[in-house]
Amino acid sequence: MYSRFGHIERARNVFDKMYERNDASWNNMISGFVKVGLYHEAFGFFRKMYGYGVEASGFSVASLVTACDRSDCMLREGLEVHGFVVKTGLICDVFVGTSLLNFYCTYGPVSLARKLFEELPDRNIVTWTSMIVGYLDNGDLEEAIGMYQRMRREGVCCNENTYAAVISSCGMLGDELLSHQVLGHVVKSGLESNVSVDNALISMFGAFGRMEAASYVFDHMDEHDTISWNSMIAAHAHNGLCEESLRYFYWMRRINKEINSITVSTLLTACGTMDNLKWGRGIHALVVKLGLESNACVCNTLINMYSEAGSSADAELVFQKMPDKDLISWNSMMARYVQDEKCLYALELFAEMIRMRKAMNHVTFTSALAACSDLEFLVVGKIVHALVVLAGLHDNLIIGNALITMYGKSGMMIDAKKVFQKMSNRDEITWNALIGGYSENKEPNDAVESFKLMREDGVPANYITIVNVLGACLTLDNLQKHGMPIHAYIVQTGYEPDNYVQNSLITMYAKCGDLKSSNYIFDHLAYKNSITWNAVIAANSYAGCGEEALKLFAKMRCAGVDLDQFSFSLALSVTADLAILEEGQQLHCLATKLGFKSDHYVINTMMDMYGKCGEMDDVLKLLPLPINRSRLSWNILISAFARQGCFKEARETFHEMLELGLKPDHVTFVSLLSACSHGGLVDEGLAYFASMTTEYGVRAGIEHCVCIIDLLGRSGKLAEAEIFIKQMPVPENDLVWRSLLAACKIHGNLELAKKAAGHLLELAPSDDSAYVLYSNVCATTGRWEDVENVRTQMGSNSIKKKPACSWVKLKDKVSSFGMGDQSHPQTEQIYAKLGELRKMIKEAGYVSDISYALQDTDEEQKELNLWNHSERIALAFGLISTSEGSPLRIFKNLRVCGDCHSVYKFVSGIVGRKIILRDPYRFHLFSGGKCSCSDYW
DNA sequence: CTAGGGTTAG
């Protein structure tokens with residue numbers, strides 16, 4: 001009696017005091033222990049009883065097997081009981097047989113359960129249903145249905161549980177035809193009003209997307225239990241009707257229906273896709289109120305909800321506070337870190353799991369491998385690979401795919417290929433990972449060869465395959481050799497209508513320098529959706545046709561195509577590159593209006609746009625909290641600070657990024673090094689360059705080397721710069737020498753300038769900047785004959801100097817000015833203003849620096865020539881065309897002249913306006929007589 | 001019968 005009511009201690013007392021015990025005494029104790037969850041006690045009693053020769057009853061053995069089934073660590077015990085059952089003939093007891101079947105279904109493989117099923121001497125409805133449910137739980141839906149059909153053939157009746165399982169299978173299979181048959185059987189059996197059956201029907205219709213049918217079932221049920229409500233909420237959520245899910249939830253609360261962990265889990269999943277933290281946080285509060293915050297599943301969905309909503313900080317908090325973390329909790333948190341590119345954190349969690357001897361599965365290893373997908377972690381990656389082998393998971397398909405990806409991203413294609421060859425199963429993802437690896441590592445021949453083998457192997461290519469293989473063909477040579485034949489293949493095999501394929505074709509041609517073909521493909525497409533439009537906008541932007549790209553964006557809007565986050569990022573990045581603030585702001589407004597304001601990708605490009613337009617305040621307004629910043633956000637922030645001349649902030653930002661566990665990449669270092677170069681921080685710059693590879697595993701690229709040459713050159717260490725060029729880890733290019741030549745100009749080093757110009761002309765014979773810079777050095781040092789010589793040489797080589805040009809943008813009109821430009825309708829006013837400015841600043845103490853005049857004339861003429869510089873004309877025009885006190889933005893296509901820089905400073909002080917001047921190198925923010933660059937640029 | 005984690009591409 002005590003055991004049956006769960007008072008196991010009292011039962012044990014009675015049992016211990018008994019003088020004489022019979023079979024029932026033992027059996028009752030065993031089932032009593034199972035009832036209260038003391039599975040190991042139950043098993044201990046069972047062994048003792050066996051030792052005493054007491055006969056076990058079917059009921060107690062069945063409950064013992066159930067105990068082994070429910071406990072997640074009693075596989076061995078379960079097998080022992082099975083042996084006992086066979087020996088004693090208890091296998092004939094249908095309850096024992098069925099519980100054993102359930103045990104095998106849980107511990108899998110399901111084939112063992114099936115074998116037992118076939119051997120069982122006696123079966124009932126529950127046995128059959130258990131087998132069907134076993135298949136369902138294992139995702140083997142065809143077998144589940146097959147079992148059901150055999151059950152019917154053999155004339156076994158079905159109960160509500162059978163139908164529920166079969167209906168669920170139909171839903172997961174997406175087989176509507178079959179569902180009609182089953183529905184017929186259900187109606188015939190009279191179980192159509194059963195709650196479990198109806199609940200299953202709701203889910204099934206939800207899976208089919210037939211919400212009206214799901215609602216019909218729900219509305220016509222006699223009674224609803226919590227599962228009915230949960231099913232309705234889930235069905236709506238799966239069909240993207242999240243608001244509707246919330247409505248059912250509120251209704252459920254209003255009528256005081258019991259809300260359980262599954263209800264909130266389902267809702268939280270819906271909130272993750274709603275891009276709306278508000279609901280998520282509300283439900284989180286409810287979780288606490290209902291006391292569900294210790295439920296592992298609920299917490300896991302909370303982690304994922306916050307992750308999806310981009311709030312990693314909250315996800316982390318939930319994880320840390322969880323009392324009982326299960327495997328999925330660890331896996332979820334690791335996956336989140338990997339997605340945030342916080343690979344070190346992910347690997348730390350992985351290490352902790354090992355230390356704490358936590359159970360791991362293939363998902364754990366997959367995330368660990370993804371965390372190692374970088375050259376820096378190659379050794380760790382190999383260790384994880386070894387652990388995978390130890391765990392016996394090396395033949396797992398998904399793990400194999402992750403291994404190929406890991407080696408590919410570390411640049412180790414030989415290892416990737418080894419893994420590939422050893423795999424016993426391959427799917428299209430395996431091939432795609434391999435081809436993607438070759439493509440990313442710039443091995444187009446191998447990529448194309450693998451693509452060929454893939455087809456020969458009969459593995460169907462999907463759009464990702466095509467995207468990958470096309471991605472390997474992004475140079476003009478490859479376009480003819482590989483790209484175009486692949487295009488032909490695409491046409492032949494009917495991949496052409498696929499939008500992702502179109503996307504990559506448009507991209508491929510643009511990146512190979514053939515924008516015309518990109519536009520041609522786009523123009524001739526019958527069906528264009530957001531992806532296609534985005535692709536053509538990206539192509540034009542990539543090819544340097546920013547204005548065309550923006551026009552296409554406008555056309556896309558007019559065409560009524562949905563703008564997505566990619567459209568906005570693309571258009572915003574064009575406005576960023578052109579530094580056109582007004583258009584950028586308009587896009588910001590539009591993005592806000594259409595609900596893309598919280599998209600991290602859009603936020604990042606917006607920040608970049610404001611940074612490149614010199615609006616640091618707006619960058620900081622948009623900046624996410626540190627914990628939620630991606631590497632991209634950090635890079636943008638550092639480069640924005642660098643461009644504004646805020647070197648201290650740039651450096652601090654870099655260290656803050658490191659502290660938060662993010663890994664800097666080559667872009668981070670370009671920004672950081674250029675900050676050092678513009679700020680004259682020579683020693684620091686050199687130290688960062690040195691640690692870049694050794695500490696952070698970022699290989700030095702040519703762009704980093706150019707920063708260093710710039711850094712040394714600007715600060716006057718020209719000899720060091722020259723030595724650096726000789727010792728650089730990468731082959732030199734024109735940028736290197738141009739940078740050195742520019743430094744020679746600043747410091748008037750004629751001899752080195754000559755050398756640098758020579759190298760530059762070798763590498764870029766038709767480049768005007770070599771001549772111009774060299775002639776400028778000659779002019780600065782007063783070598784006027786040499787200036788003339790260079791001029792003649794340019795003439796005979798028919799090379800033209802890129803003319804200087806400055807422009808001001810007012811509302812929707814751009815006014816541009818060349819040197820001494822008099823073509824503007826307001827020329828008179830402009831020059832009057834110039835005269836006025838000249839007088840004013842002279843009174844304020846300005847003295848012109850005629851060393852910036854590059855023509856050989858007398859001093860007075862030299863000064864007059866300086867006043868013909870395009871940036872001054874643009875300044876005068878800007879001042880008379882905009883309202884007093886408003887900030888003024890001016891652009892120049894070449895580096896600003898030093899004397900003009902000084903004029904701008906004086907003017908900003910006198911007129912009391914902020915003047916922002918952008919040249920191709922950086923921003924100058926003039927205010928109150930000073931410039932943000934502190935005169936070092 | 002209802003709920004939670006993972007691989008390629010973007």
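In the text below, chain A, chain B and the rest are named by the order of the sequence lines, each starting its count at 1.
Under the salt bridge (charged side-chain N to carboxylate O under 4.0 Å, His left out) criterion, the residue pairs touching residues 161-176 of chain A are A:Glu176-A:Arg210, with sequence neighbours excluded. Listed by first then second residue, pairs satisfying salt bridge (charged side-chain N to carboxylate O under 4.0 Å, His left out) with a partner in residues 326-343 of chain A read A:Arg336-A:Asp340, A:Glu341-A:Arg631, not counting sequence neighbours.
Checked against ring pair (Phe, Tyr, Trp, His ring centres under 6.0 Å), A:Phe319 has the following partners two or more places apart in sequence or in another chain: A:Trp330. For A:Trp533, the ring pair (Phe, Tyr, Trp, His ring centres under 6.0 Å) criterion is met by A:Phe522, not counting sequence neighbours. Every residue meeting the salt bridge (Lys or Arg N to Asp or Glu O under 4.0 Å) condition with A:Lys382, not counting sequence neighbours, appears here in chain and number order: A:Asp415. Contacts of A:Asp608 classified as salt bridge (Lys or Arg N to Asp or Glu O under 4.0 Å), with partners at least two apart in sequence or in another chain: A:Lys612. Applying the ring pair (Phe, Tyr, Trp, His ring centres under 6.0 Å) test to A:Tyr438 and every residue at least two apart in sequence or in another chain returns nothing. Legend: residues meeting ring pair (Phe, Tyr, Trp, His ring centres under 6.0 Å) with A:His284, ordered by chain and number and at least two apart, are A:Tyr306. In terms of the side-chain hydrogen bond (donor to acceptor under 3.5 Å, both in side chains) criterion, A:His362 has no residue partners (sequence neighbours excluded).
Straight-line distance from the CE atom of A:Met204 to the C1' atom of B:dT2: 15 Å, rounded to whole Å. Rounded to whole Å, atom P of B:dA3 lies 11 Å from atom CG of A:Asn199. Remark: C1' of B:dC1 and CG of A:Asp137 are 12 Å apart, rounded to the nearest angstrom. Atom NE2 of A:His236 is separated from atom P of B:dA3 by 15 Å (rounded to the nearest Å). Rounded to a whole Å, the CD1 atom of A:Ile167 is 11 Å from the P atom of B:dC1. Atom CE in A:Met333 sits about 19 Å away from atom P in B:dG4, given to the nearest Å. Put simply, CD1 on A:Ile233 is 13 Å from P on B:dG4, counting in whole angstrom units. Regarding A:Trp229, its CH2 atom lies at a distance of 18 Å from the P atom of B:dA3, rounded to whole Å.
Contacts between residues 529-540 of chain A and DNA chain B, defined by a heavy-atom separation below 4.0 Å, involve no residue at all. Residues from residues 346-354 of chain A placing a heavy atom under 4.0 Å of any atom in DNA chain B do not occur.
Other residues, nucleotides and ligands contribute at most 12 non-hydrogen atoms within 6.0 Å of the OH atom of A:Tyr601.
For the OP1/OP2 pair of B:dT2 and a distance below 4.0 Å, the side-chain nitrogens and oxygens of A:Ser168 include at least one atom meeting the criterion.
Residue contacts shown for A:His238 are limited to sugar-phosphate atoms, with no base heavy atom under 4.0 Å away. Residue contacts for A:Leu136: at a heavy-atom cut-off of 4.0 Å it reaches the sugar-phosphate backbone alone, with no base atom in range.
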Open item on the list: Walk along nucleotides 5-10 of chain B from 5' to 3' and tag each nucleotide B, S or - by protein heavy-atom contact under 4.0 Å, base first, then sugar-phosphate.
Closed with: BBBBB-
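When all heavy atoms of A:Asn534 and A:Leu570 are compared, the closest pair comes out as O-CD1, 3.3 Å.
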